[in-house]
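As structure tokens, the structure follows; a few thoughts come after it.
Bear in mind the structure is a predicted one, so any value in this text is a computation, not a measurement. We're numbering straight along the sequence, starting at 1.
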Amino acid sequence: MLPVAIVIPAGPGDHSWHELLPQLAAAQAQEIVLALTEQDDNRPHPGKARIVRARAGRSTQLNAGATASQADWLWFLHADSRVTERTLDALKNFVAADENAIGYFSLGFLDDGPRWMFLNAWGAALRSRVLGLPFGDQGLLMPRRVFEVLGRFDESVSKGEDHALIWMARAKGIPLRAINATIHTSARRYAENGWWRTTRMHLRMTREQATRFSHDSKIHEVIDPP
């Protein structure tokens, strides 16, 4: 059994995890924890996942899922992520290396969005490998001991909790490792809201968050050095 707890937060009315759970079976993970909101009465099929409930908010739900689990490793996945056998093989290899680092996967998009999504995938690779800023939709994977050193997800952050965690990792000198496999995610919001409008919004938010979180993590580093 793989000593990993797979933590999946889902908002009210989000059923996309129904397709993800069967794909995770081959991982043979110690735990799969579905972190739902207190208002959500959805339930997976028996034996597929353990349910925890928390106040709505991705950071709060992620922390609740991590707290409810016991495994030595944590893999945080979005509910609309999709994985393959290669993804799971790479997961097992990274865990076996047992490094004090955060692993992340390459990002791909499902065929439910605009044809320009290959540019967004390219941009995610650039942001991750060149700028050192992988995001949560890339399946952040880390030992529990690293997660605790980072102070968990910041529940005061309404958006960009993954971004804030990565800046804290950088401040504390925790390595970020690219895992040579892909996680695919939905591009439906790009289709619904327009490719350029959505891409521009994400770029603006990334810039604003980087300015804030990089400053906050430097302050934290002085107060609480690694």
Any side-chain heavy-atom pair from Leu107 and Thr182 closer than 4.5 angstrom?
-> no
Using a 4.5 Å cut-off on heavy atoms from C-beta on, say whether the side chain of Leu203 contacts that of Arg127.
-> no
hydrophobic_cluster_shared for Ile183 and Ile179, side chain cutoff 4.5 Å | yes
With no hydrogens and no angle check, do the side chains of Asp137 and Ser81 hold a donor and an acceptor under 3.5 Å apart?
-> no
In Å and rounded to the nearest 0.5 Å, what is the CD to CG distance from Glu155 to Leu62?
-> 9.5 Å
Under 3.5 Å, is there a donor-acceptor pair between the side chain of Glu31 and the main chain of Ile6?
-> no
Phe109 to Ala121 - nearest heavy-atom pair and separation | CE1-N, 3.6 Å
Taking it one step at a time, do Leu141 and Leu91 satisfy side chain to side chain contact (heavy atoms under 4.5 Å, CB included)?
-> CA-CA 8 Å; Leu141 171 64; Leu91 164 74; 3.4 Å; yes
Closest heavy-atom pair and its distance - Gly132, Arg170 = O-NH1, 3.2 Å
Give, for atom CG of Leu74 and atom CD1 of Ile102, the distance between the pair rounded to the nearest 0.5 Å.
-> 11.0 Å
Check step by step if ring-ring contact (aromatic ring centres under 6.0 Å, His included) holds for His163 and Phe135.
-> CA-CA 6 Å; His163 195 170; Phe135 286 172; 4.9 Å; yes
Step through the shown structure and confirm whether more than 12 heavy atoms of other residues, nucleotides or ligands are within 6.0 Å of CG on Asn93.
-> yes
Where does the angle between the aromatic ring planes of Trp75 and Phe105 fall among parallel (under 30°), tilted (30 to 60°) and perpendicular (over 60°)?
-> tilted
Return yes when atom CZ of Arg145 has more than 12 non-hydrogen atoms of other residues, nucleotides or ligands closer than 6.0 Å, and no otherwise.
-> yes
Below 4.5 Å, heavy atoms only, C-beta onward: do Val95 and Pro3 meet side chain to side chain?
-> yes
How many angstroms lie between atom CG of Leu34 and atom CD1 of Ile51, to the nearest 0.5 angstrom?
-> 6.0 Å
Would you name the heavy atoms of Ala10 and Trp17 that are closest together and state the gap between them?
-> CB-CD1, 3.6 Å
Taking everything shown except Glu85 itself, do over 12 heavy atoms lie less than 6.0 Å from its CD?
-> no
Pairwise side-chain contact, Lys172 with Leu150, heavy-atom cut-off 4.5 Å (strictly under) = yes
Take Val7 and Leu77 through the test side chain to side chain contact (heavy atoms under 4.5 Å, CB included) and record every step on the way to the result.
-> CA-CA 6 Å; Val7 180; Leu77 276 183; over 6 Å; no
Measure the CG-CG distance between Asp80 and Leu20 for me, rounded to the nearest 0.5 Å.
-> 9.0 Å
Note, Gln61 side chain near Thr37 side chain (heavy atom, < 4.5 Å) | yes
Just by modelled atom types, is the His78 backbone N or O under 3.5 Å from a matching donor or acceptor in the Arg58 side chain?
-> no
Those residues that, when tested against Tyr104, pass ring-ring contact (aromatic ring centres under 6.0 Å, His included) (two or more places apart) = none
Asn100 versus Ile174, closest heavy-atom pair with distance = O-CG2, 4.0 Å
Residue set satisfying side-chain hydrogen bond (donor to acceptor under 3.5 Å, both in side chains) with Ser186, at least two apart, ordered chain then number -> Asp112, Arg188
So how far is it from Leu119 CG to Leu126 CG, rounded to the nearest 0.5 Å?
-> 12.0 Å
Verdict with reasoning, Glu38 to Arg55, per salt bridge (charged side-chain N to carboxylate O under 4.0 Å, His left out) = CA-CA 6 Å; Glu38 295 169 338; Arg55 177 170 48 85; over 6 Å; no
Parallel under 30°, tilted from 30 to 60°, perpendicular over 60°: which one fits the rings of His202 and Tyr190?
-> tilted
Residues in side-chain hydrogen bond (donor to acceptor under 3.5 Å, both in side chains) with Ser106, at least two apart?
-> none
Parallel, tilted or perpendicular: ring planes of His15 versus His18, cut at 30 and 60 degrees = perpendicular
Is the side chain of Arg129 donor-acceptor paired with the backbone N or O of Pro134 at a distance under 3.5 Å, no angle test?
-> no
For Phe147, check ring-ring contact (aromatic ring centres under 6.0 Å, His included) against everything at least two apart and list the hits.
-> Phe76, Phe153
Looking at side-chain heavy atoms only, is the closest gap between Leu165 and Asp162 below 4.5 Å?
-> no
Looking at Ala71 and Ala5, what are the two nearest heavy atoms and their distance?
-> CB-N, 3.3 Å
With hydrophobic residues grouped by side-chain heavy-atom distances under 4.5 Å, do Trp122 and Val130 end up in a single group?
-> yes
Side-chain cluster (under 4.5 Å, hydrophobic types only) that Met201 belongs to, other residues = Met205
State the CG-CD distance between Asn63 and Glu161, to the nearest 0.5 angstrom.
-> 9.5 Å
Determine, stepwise, if the pair Asn120 / Thr199 fulfils side chain to side chain donor-acceptor pair (under 3.5 Å).
-> CA-CA 8 Å; Asn120 300 75; Thr199 299; 3.1 Å; yes
Can you check side chain to side chain contact (heavy atoms under 4.5 Å, CB included) on Trp116 and Trp196, steps first, answer last?
-> CA-CA 9 Å; Trp116 303 108; Trp196 173 239; over 6 Å; no
With side chains defined as the heavy atoms from C-beta onward, is the minimum distance between Ser128 and Leu133 less than 4.5 Å?
-> no
Between Arg50 and Ala68, is there a donor-acceptor pair closer than 3.5 Å when you use the side chain of the first and the backbone of the second?
-> yes
Kindly determine whether Val33 and Ser69 satisfy side chain to side chain contact (heavy atoms under 4.5 Å, CB included), including the steps that lead there.
-> CA-CA 7 Å; Val33 181; Ser69 66; 4.1 Å; yes
Backbone of Arg82 reached by a side-chain donor or acceptor of Glu19 within 3.5 Å = no
Residue pair Pro9 / Ala79: nearest heavy atoms and the distance that separates them = O-CB, 3.7 Å
Students should find that the hydrophobic cluster of Leu110, defined by side-chain heavy atoms under 4.5 Å apart, otherwise consists of none
Can you find a heavy atom in the side chain of Lys92 that is under 4.5 Å from one in the side chain of Leu2?
-> yes
Does a donor on one side chain sit under 3.5 Å from an acceptor on the other, for Thr67 and Arg152?
-> yes
